[in-house]
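Every chain is numbered from 1 and lettered A, B, ... according to where its sequence line falls, protein lines coming before strand lines. Basis for what follows: all heavy atoms, side chains included, without hydrogens, waters or symmetry-related copies. This is a predicted model, so every value here is computed, not measured.
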There are 2 protein chains.
Amino acid sequence: MTGTSPDYAAHLRDVGLRPTRQRVALARVLFGSGHRHVTAESLHAEVKATRIPVALATVYNTLNQFRDAGLLREVVVAPGRSYFDTNTGHHHHFFVEDDGELHDFPSDKVTIEGLPSPPKGTRLSRVDVVVRVRR
Amino acid sequence: MTGTSPDYAAHLRDVGLRPTRQRVALARVLFGSGHRHVTAESLHAEVKATRIPVALATVYNTLNQFRDAGLLREVVVAPGRSYFDTNTGHHHHFFVEDDGELHDFPSDKVTIEGLPSPPKGTRLSRVDVVVRVRR
DNA sequence: CAAGTACTTTAGAATAATTCCAAAGATGAA
DNA sequence: TTCATCTTTGGAATTATTCTAAAGTACTTG
């Protein structure tokens with residue numbers, strides 16, 4: 001061990017969420033090790049393995065809350081296929097169409113120029129770039 | 001009238017699809033007037049109004065076939081929300097998050113630079129840019 | 001143009017992802 | 001503690017989409 005484990009409870013309180021047993025368990029899995037892309041199902045399977053029982057509905061609730069709180073970013077790549085990305089910083093995605101894999105790539109080097117201004121009465125929320133590739 | 005109506009049957013044959021009554025009816029609605037964004041449901045409702053009965057399953061089949069044939073482009077903007085765009089040329093989208101509206105914008109002026117090369121063993125399929133805005 | 005074969009359509013069942021619900025349980029303020 | 005509020009839960013409900021098997025239609029060949 002090189003450090004103490006993060007205080008997920010405090011972190012959750014900071015964003016206005018009660019640090020319940022299942023939210024902390026999910027946060028630990030999500031944020032415990034590098035950036036991840038998860039689906040509700042995959043996260044549910046993972047957290048079950050930690051012996052803390054969490055219902056699938058709770059996983060959905062929590063992912064939505066974490067996203068709303070800015071802890072996660074949702075990426076929709078195909079009908080019925082939505083990922084939650086623990087990397088909320090500026091970056092874009094590769095999507096491998098054949099197998100549904102998603103990979104981040106940094107937006108440092110990427111510049112987008114010439115975007116028209118948002119339609120009247122709207123303000124920019126985010127720019128998503130998905131680079132689709134095939135094997 | 002300033003011109004004859006396009007020969008949808010021939011057009012469908014060209015891409016390897018039999019020009020059935022329902023495919024022609026759907027093509028007419030889709031391609032008869034400027035570029036459109038439709039969902040399976042909205043297209044189904046529209047074509048029903050033309051008095052040519054088409055089952056919802058057929059609308060789904062046909063949209064998928066048209067997309068595979070390159071006649072349509074599918075745009076996924078939110079979980080469970082997928083649009084089919086009759087504009088298959090290079091362009092990008094505005095997505096108004098509040099009401100689910102989708103608008104095209106030309107990619108003429110837009111330049112994207114610094115994209116990393118596709119992961120090993122993959123080739124570029126397409127780059128999707130979705131500019132998300134809120135009211 | 002008659003026939004046969006292959007392709008399509010159809011209604012409804014099936015599936016998949018996600019949300020809703022009402023009841024039971026946990027949390028935090030006083 | 002105690003209570004009001006927020007959460008979790010399992011299962012039902014919903015939504016979007018695909019599947020299925022039977023009935024119908026389009027193209028080919030003779």
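- Counting non-hydrogen atoms under 4.0 angstrom, A:Ser82 reaches the backbone sugars and phosphates but no base.
- The closest side-chain donor-acceptor pair between B:Asp85 and B:His91 falls under 3.5 angstrom.
- In this structure a side-chain-to-backbone donor-acceptor pair under 3.5 Å is missing from A:Ser42 to A:Val38.
- Side chains of A:His93 and A:Asp104: a donor on one and an acceptor on the other come within 3.5 Å.
- Atom-to-atom, CZ of B:Phe66 to P of C:dT8 comes out at 11 Å; the value is rounded to the nearest Å.
- Of all nucleotides listed (D:dT9, C:dT18, D:dC19), D:dC19 comes nearest to the side chain of B:Ala57.
- If you measure from atom CZ of A:Arg81 to atom P of D:dT18, you get 13 Å, rounded to the nearest angstrom.
- Using a cut-off of 4.0 Å between Lys/Arg side-chain N and Asp/Glu carboxylate O, B:Arg135 and B:Glu101 are scored as salt-bridged.
- Rounded to an integer number of Å, the gap from CG of B:Leu56 to P of D:dT20 is 18 Å.
- Salt bridge annotation for B:Asp99-B:Arg134: absent, with no cationic side-chain nitrogen under 4.0 angstrom from a carboxylate oxygen.
- Taking atom CD of B:Glu74 as the reference point, atom C1' of D:dT18 lies 13 Å away to the nearest angstrom.
- Residues from residues 10-26 of chain B that place a heavy atom under 4.0 Å from any atom of DNA chain C, listed by number: B:Arg18, B:Thr20, B:Gln22, B:Arg23.
- Side-chain nitrogen and oxygen atoms of A:Tyr60 include at least one within less than 4.0 Å of the OP1 or OP2 phosphate oxygen of C:dT18.
- In this structure, B:Lys48 places its NZ atom 10 Å from P of C:dA11, rounding to the nearest Å.
- In terms of heavy-atom proximity, B:Phe84 sits nearest to B:Arg67 at CE2-CB, 4.2 Å.
- Atom CG of A:Leu63 and atom P of D:dT8 are 12 Å apart (whole Å).
- The phosphate of C:dT18 (OP1 or OP2) has no side-chain N or O of A:Asn61 nearer than 4.0 angstrom.
- Distance A:His44 NE2 to C:dA17 P: 14 Å, rounded to the nearest Å.
- Distances shorter than 4.0 Å separate none of the side-chain N or O atoms of B:Asn64 from OP1 or OP2 on D:dT17.
- Residue A:Gln65 is the one, among A:Gln65 and B:Gly80, whose nearest nucleotide of DNA chain D lies closer to the 5' end (criterion: closest heavy atom).
- Considering only residues two or more places apart in sequence or on other chains, B:Arg36 meets the salt bridge (charged side-chain N to carboxylate O under 4.0 Å, His left out) condition with B:Glu46.
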